[in-house]
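Note sheet for the following structure.
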2 protein chains.
Amino acid sequence: MVPFVSKMTEATYFILAALLEAPLHGYGIIKRAGDQSGGRVKLAVGTLYGALDRLVEAGLVVLDREEVVDGRPRRYYRITDDGGTAVREEAVRLQQAARVVTGQIAVMGA
Amino acid sequence: MVPFVSKMTEATYFILAALLEAPLHGYGIIKRAGDQSGGRVKLAVGTLYGALDRLVEAGLVVLDREEVVDGRPRRYYRITDDGGTAVREEAVRLQQAARVVTGQIAVMGA
DNA sequence: CACCATATATCGGATCCCGATATATGGTCC
DNA sequence: GGACCATATATCGGGATCCGATATATGGTG
């Protein structure tokens with residue numbers, strides 16, 4: 001029973017979105033989420049690691065590899081196929097929600 | 001200090017969206033939010049009245065009028081100018097968030 | 001030497017969602 | 001007549017989540 005099927009928080013969404021292009025470590029996710037949102041989303045570390053644990057448990061993200069740079073560990077996370085599907089579905093829901101207010105009902109594909 | 005400026009929950013967004021066209025009473029908001037989201041959003045009553053109280057307190061929604069139908073009270077809520085601005089801004093944020101994943105960077109206006 | 005960016009991790013307060021519950025009326029079905 | 005459902009409002013409490021504070025550690029900059 002995978003969660004995130006009908007609802008996803010903003011933090012979770014941007015974490016998955018940040019991982020779409022390439023695996024990243026925690027701090028890298030925070031920075032990329034900030035970049036991708038135009039500086040609007042500032043993930044707190046407490047938010048990140050909690051959400052990351054839930055995503056790993058749900059199978060939407062997996063631990064890719066661990067590196068040690070300057071004595072500090074770096075844990076890279078990778079998005080799974082399920083994670084990619086989930087974040088793309090969420091993007092569609094966000095777009096549909098936006099259209100309710102913007103009034104753009106253009107039903108291009110389906 | 002008006003909240004909802006940088007973040008708005010899904011429930012709050014759909015409540016405001018439901019009120020854009022005309023004032024509605026609580027139960028009417030629940031039904032319209034369900035319609036507008038294609039049946040996806042099912043506001044629980046506990047969610048509605050809690051969120052409604054916060055919105056009134058924040059000045060995004062006001063009590064429009066009270067009616068009594070069949071001995072049952074009906075309390076109509078109306079969205080304010082601030083509420084309209086807030087929900088339109090949120091719609092833009094949702095669209096921008098969706099674009100992060102869908103890749104549509106079409107910068108039409110600004 | 002102080003401070004900041006990088007990097008991970010945990011804890012607890014605060015916020016919010018939402019099902020359960022309560023109350024009340026009118027219509028439908030059997 | 002009684003069971004059930006839609007309508008309609010309201011409250012309570014559990015659970016999920018966010019997030020600032022805190023802790024620990026290293027290397028670079030002023």
Side-chain angles (χ1 to χ4, degrees), chain A residues 1-16 18 23-35 37 39-58 60-61 63-77 90 97, chain B residues 1-16 18 23-35 37 39-58 60-61 63-77 90 97:
Chain A
M1 57 191 89
V2 181
F4 305 117
V5 285
S6 64
K7 196 175 186 184
M8 188 182 291
T9 65
E10 193 185 40
T12 301
Y13 175 75
F14 276 99
I15 290 171
L16 289 177
L24 287 172
H25 58 281
Y27 214 75
I29 293 172
I30 290 175
K31 284 188 298 181
R32 182 175 291 249
D35 289 347
S37 66
R40 227 192 73 244
V41 174
K42 300 180 205 300
L43 290 175
V45 290
T47 304
L48 176 77
Y49 291 106
L52 218 40
D53 287 346
R54 287 190 292 270
L55 285 168
V56 168
E57 194 184 3
L60 303 193
V61 164
L63 184 61
D64 189 59
R65 66 187 188 276
E66 286 189 56
E67 292 180 1
V68 176
V69 179
D70 295 324
R72 282 166 284 154
R74 272 191 195 170
R75 208 155 299 160
Y76 283 82
Y77 293 90
E90 179 66 14
Chain B
M1 58 190 91
V2 181
F4 305 117
V5 286
S6 66
K7 196 176 184 186
M8 189 183 291
T9 64
E10 192 187 40
T12 300
Y13 175 76
F14 275 101
I15 289 171
L16 290 177
L24 286 174
H25 57 282
Y27 215 74
I29 293 172
I30 291 175
K31 284 189 297 180
R32 183 177 290 253
D35 289 349
S37 67
R40 227 193 72 244
V41 174
K42 301 180 204 301
L43 292 175
V45 290
T47 305
L48 176 75
Y49 291 106
L52 220 38
D53 288 346
R54 287 189 292 270
L55 285 168
V56 168
E57 194 184 4
L60 303 193
V61 163
L63 184 60
D64 189 60
R65 67 186 188 279
E66 288 189 55
E67 293 180 0
V68 176
V69 178
D70 295 323
R72 281 165 286 155
R74 272 191 194 168
R75 209 155 299 162
Y76 282 81
Y77 293 91
E90 178 66 14

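Just so you know, these numbers use all the heavy atoms, side chains as well, and skip hydrogens, waters and symmetry mates. Below, read A as the first sequence line, B as the second, and so on, with proteins coming before strands; counting in each chain starts at 1.
- For A:A11, the side-chain atoms get nearest to D:dC18 when compared with the rest of D:dC18, C:dT8, C:dC18.
- Contact between the side-chain N/O atoms of B:T47 and the OP1/OP2 oxygens of C:dC18 is found at a separation under 4.0 Å.
- Regarding B:H25, its NE2 atom lies at a distance of 8 Å from the C1' atom of D:dT7, rounded to whole Å.
- B:S37 places a side-chain N or O within 3.5 Å of a backbone atom of B:A33 that can act as its donor or acceptor partner.
- Between B:K7 and D:dT17, a side-chain N or O to OP1/OP2 separation shorter than 4.0 Å is absent.
- Rounded to whole Å, atom P of C:dT15 lies 17 Å from atom CE of B:M8.
- Which of D:dC18, C:dC17, D:dA8 sits closest to the side chain of A:A51 comes down to D:dC18.
- Regarding A:L48, its CG atom lies at a distance of 9 Å from the P atom of C:dA9, rounded to whole Å.
- Side chains of A:R75 and A:L63 form a contact here, defined as non-hydrogen atoms less than 4.5 Å apart.
- At distances below 3.5 Å, at least one donor-acceptor pair connects side-chain atoms of B:Y13 with backbone N or O atoms of A:A97.
- Side-chain N/O atoms of A:Y49 include one lying less than 4.0 angstrom from OP1 or OP2 on C:dT8.
- Of the candidate nucleotides C:dA7, D:dG20, C:dA24, C:dA7 has the atom nearest to the side chain of A:Y27.
- We find that CD1 of B:I30 is positioned 9 Å from C1' of D:dA8, with the value rounded to whole Å.
- Nucleic acid contact class of B:G46 (heavy atoms, under 4.0 Å, all strands): base.
- Across all strands, B:K31 comes closer than 4.0 Å only to sugar-phosphate atoms, never to a base (heavy-atom distances).
- The shortest side-chain heavy-atom distance between B:L16 and B:M8 falls under the 4.5 Å cut-off.
- Comparing atom distances between the A:R54 side chain and each of D:dC18, C:dC17, C:dT8 picks out D:dC18 as nearest.
- For A:I29 and C:dA9, the CD1 to P distance is 11 Å, given to the nearest whole Å.
- Between the CZ atom of A:F14 and the C1' atom of D:dC18 there is a distance of 15 Å, given to the nearest Å.
- Counting to the nearest Å, the P atom of D:dA8 and the OH atom of B:Y77 are 14 Å from each other.
- When the nucleotides D:dG20, C:dT8, D:dC18 are ranked by their closest atom to the side chain of A:T12, D:dC18 comes out on top.
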Side chain to side chain contact (heavy atoms under 4.5 Å, CB included) between A:I29 and A:L52, intermediate numbers included: CA-CA 10 Å; A:I29 293 172; A:L52 218 40; 4.3 Å; yes
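- As rounded to whole Å, 14 Å separates atom C1' of C:dC17 from atom CG of B:D53.
- At the heavy-atom level, B:V45 lies under 4.0 Å from base atoms of the strands shown.
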